[in-house]
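The structure displayed is predicted, hence computed values, not measured ones. Lettering of chains follows the sequences in order, A, B, ..., and the numbering in each one begins at 1.
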Number of protein chains: 2
Amino acid sequence: MARERYHHGDLRGALLDAAETLVRERGTDGWSLREASARVGVSPSAAYHHFASRDMLVRALSERVLAWLGERLRHDCEHAPGQEDDPQRRLIALGRSYVTWALDDPAVARLVLRGGATGPDSAITPHPHDVLTAELDRLTAAGALPEPAREGAEFVVWAALHGLAVLLADGLVRFDDPHAVTLQTERVVRTTLNGLAQEASHAAGRPAGRSAHTERLARVDLTLTQRQPPSMGA
Amino acid sequence: MARERYHHGDLRGALLDAAETLVRERGTDGWSLREASARVGVSPSAAYHHFASRDMLVRALSERVLAWLGERLRHDCEHAPGQEDDPQRRLIALGRSYVTWALDDPAVARLVLRGGATGPDSAITPHPHDVLTAELDRLTAAGALPEPAREGAEFVVWAALHGLAVLLADGLVRFDDPHAVTLQTERVVRTTLNGLAQEASHAAGRPAGRSAHTERLARVDLTLTQRQPPSMGA
DNA sequence: GCTCCAATCTGAACAGTGTTGAGATGTGAG
DNA sequence: CTCACATCTCAACACTGTTCAGATTGGAGC
């Protein structure tokens, strides 16, 4: 596995690859920078010309995977089975893609989902969160999600899906039947959307058209975390 | 800080305390066993008479906190503001307690919520998950949650609440107004419950009383993870 | 009271870690 | 062909988790 040329060519990418498979083999912390370097056939200190620290390596990997996940979600929305025009079907496809990924690649998912550096901003495109909000907009435009319930709705849906994904990736819950994951994911999305719709219709029944409760919620200023992109990474 | 007696008396507890404050100061991995030992005024190897490894220390701490959280949730259900007879109010109080804790003590929450050893089983009493299911049962008994929707409902609610808590603890979302957290939590719980109720009523409208979809969901075998309790830890 | 065992803790050591800095080795622009 | 610069190596640093032989102690049984 020793390379012949002194210069590696793409050491950065190779280190990210090695780190990714190491995460898969032994989790986020079950490996060392030295080991990743050794796998690539390079001295430990070589890595420091591409990443400021081990943490930065992990963060860069996290961002790489996150961007890939964004692509995957978007793709699976576009190619939702059945009618991809139905915005609700699209959202279910998104949820399924998200959760399935977390379950199929749990070690990497654990790394990425607890966001050491996965705050929505960075140069990550498309960020999974953006894909979700776009789908909710589409849902609203199609009339499937009432206007009054739209504000902050991405947060409710995100929490539910994220919770599901994290619970599965962490192994806190487990399904015997792999198909059950799909069903539960679908149920979570449907339940959440139904709940959101009903909340809005309740509000519409009130005198002012929107209840005081909904009104206050609308004023909630949901600020997504700003994080520095790794200086040498990404 | 050096103790006078050779035997510490309660080194185990003292190490757990030190670990807890270290987690709070520098996160799950930002400290060493040696440092925790030093804080307690004891040699590093002393810790190994109480915990098989550093990991076991962390796991034991996780379980201690988890049990404490269970107590907290149960307490906050019992003493729900307003009418503690209203099962929906109780569940909202539970959600509030859960999420608020994650936000107020994020470092410890991060440690505990990703469950290295927090699978519902162990000797943890009361386990937060059990408190949740008990509340859902109460909700069903009161008629606020239709029978057909009860099965697996704890999973939907848990996912939503857990997702919210994890997103906040990980700093993936942030609210400017601290009160907004309360509102969003309430919204998440309400939305989920409404969604579950509506799902059931939809099903009731069908010929067989339960749709094929609900029928399949009912057969989902939700298995909670079984994990070994740490051999030397509690 | 004393004895003696088992629990508890210490000290020194091991291999392995992240990280640094000085120097070797190539590469591509001029 | 040269030479500056990016890339990589080597050796070293302080520190980590962990082990184990031996010192220290509290308490049970006499």
Side-chain angles (χ1 to χ4, degrees), chain A residues 1-23 25-62 111 116-117 228 230-234, chain B residues 1-23 25-62 107 111 116-117 230-234:
Chain A
M1 274 301 163
R3 71 196 191 287
E4 46 276 356
R5 288 189 308 296
Y6 188 87
H7 283 42
H8 182 281
D10 182 24
L11 181 52
R12 181 170 209 287
L15 282 172
L16 285 172
D17 292 342
E20 187 167 346
T21 76
L22 277 169
V23 166
E25 290 174 17
R26 308 206 213 103
T28 305
D29 292 317
W31 52 277
S32 61
L33 219 213
R34 292 173 112 104
E35 186 169 3
S37 306
R39 285 208 179 181
V40 178
V42 121
S43 86
S45 34
Y48 286 84
H49 290 267
H50 299 273
F51 305 97
S53 67
R54 201 201 103 117
D55 250 35
M56 287 301 185
L57 206 207
V58 173
R59 263 163 83 139
L61 173 60
S62 181
L111 168 66
Q228 314 271 18
S231 56
M232 299 183 61
Chain B
M1 271 304 165
R3 70 193 193 289
E4 46 276 355
R5 289 188 309 294
Y6 188 89
H7 283 42
H8 182 282
D10 182 25
L11 182 53
R12 182 170 208 285
L15 282 172
L16 286 172
D17 292 342
E20 186 167 348
T21 76
L22 277 169
V23 167
E25 289 175 15
R26 308 206 213 102
T28 305
D29 292 317
W31 52 276
S32 60
L33 220 212
R34 294 174 110 103
E35 186 169 4
S37 305
R39 284 208 179 180
V40 178
V42 120
S43 86
S45 35
Y48 286 85
H49 291 266
H50 300 272
F51 305 97
S53 66
R54 201 202 101 117
D55 249 35
M56 287 302 185
L57 207 207
V58 173
R59 265 164 81 138
L61 173 60
S62 181
L111 168 66
S231 55
M232 298 182 64

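Neither OP1 nor OP2 of dG18(C) sits under 4.0 Å from any side-chain N or O of Ser53(A). Between His50(A) and the phosphate of dA6(D), there is no side-chain N or O to OP1/OP2 separation shorter than 4.0 Å.
Rounded to an integer number of Å, the gap from His49(B) NE2 to dT25(D) P is 15 Å. In this structure, the CG atom of Asp55(B) is 13 Å from the C1' atom of dT18(D), given to the nearest Å. Across the protein-nucleic acid pair, Glu35(B) atom CD and dT18(D) atom C1' stand 18 Å apart, rounded to whole Å. Taking atom CZ on Arg54(B) and atom P on dT18(D), their separation rounds to 9 Å, with Å as the unit. Note: CG (Asp10(A)) to P (dT7(D)) measures 11 Å, nearest angstrom. In this structure, Asp29(A) places its CG atom 13 Å from P of dG17(D), rounding to the nearest Å. Computed from coordinates, the His8(B) NE2 to dT8(C) P distance equals 13 Å when rounded to whole Å. With rounding to whole Å, Tyr48(B) atom OH is found 15 Å from dG11(C) atom C1'.
In this structure, the nucleotide among dT18(D), dT9(D), dC9(C) sitting nearest to the side chain of Pro44(B) is dT18(D). Candidate nucleotides dA12(D), dC9(C), dT7(D) were compared by shortest atom distance to the side chain of Arg34(A), and dA12(D) ranks first. For Leu33(A), the side-chain atoms get nearest to dG18(C) when compared with the rest of dC9(C), dG18(C), dG17(D).
Here the straight-line distance linking atom OG1 of Thr21(A) with atom CZ of Arg26(A) works out to 9.0 Å at 0.5 Å rounding. Here CE of Met56(A) is found 12.5 Å from OG of Ser62(A). Values are rounded to the nearest 0.5 Å.
If you check distances only, the side chain of Ser45(B) does reach the base of dG11(C) with a donor-acceptor pair under 3.5 Å.
Nearest heavy atom pair, residue Pro44(A) against residue Ser37(A), reads CA-OG, 3.6 Å. Shortest non-hydrogen contact noted between Leu57(B) and Phe51(B) is CA-CD2, 3.7 Å. Across all their heavy atoms, Ala107(B) and Val23(B) have their closest contact at CB-O, 3.3 Å.
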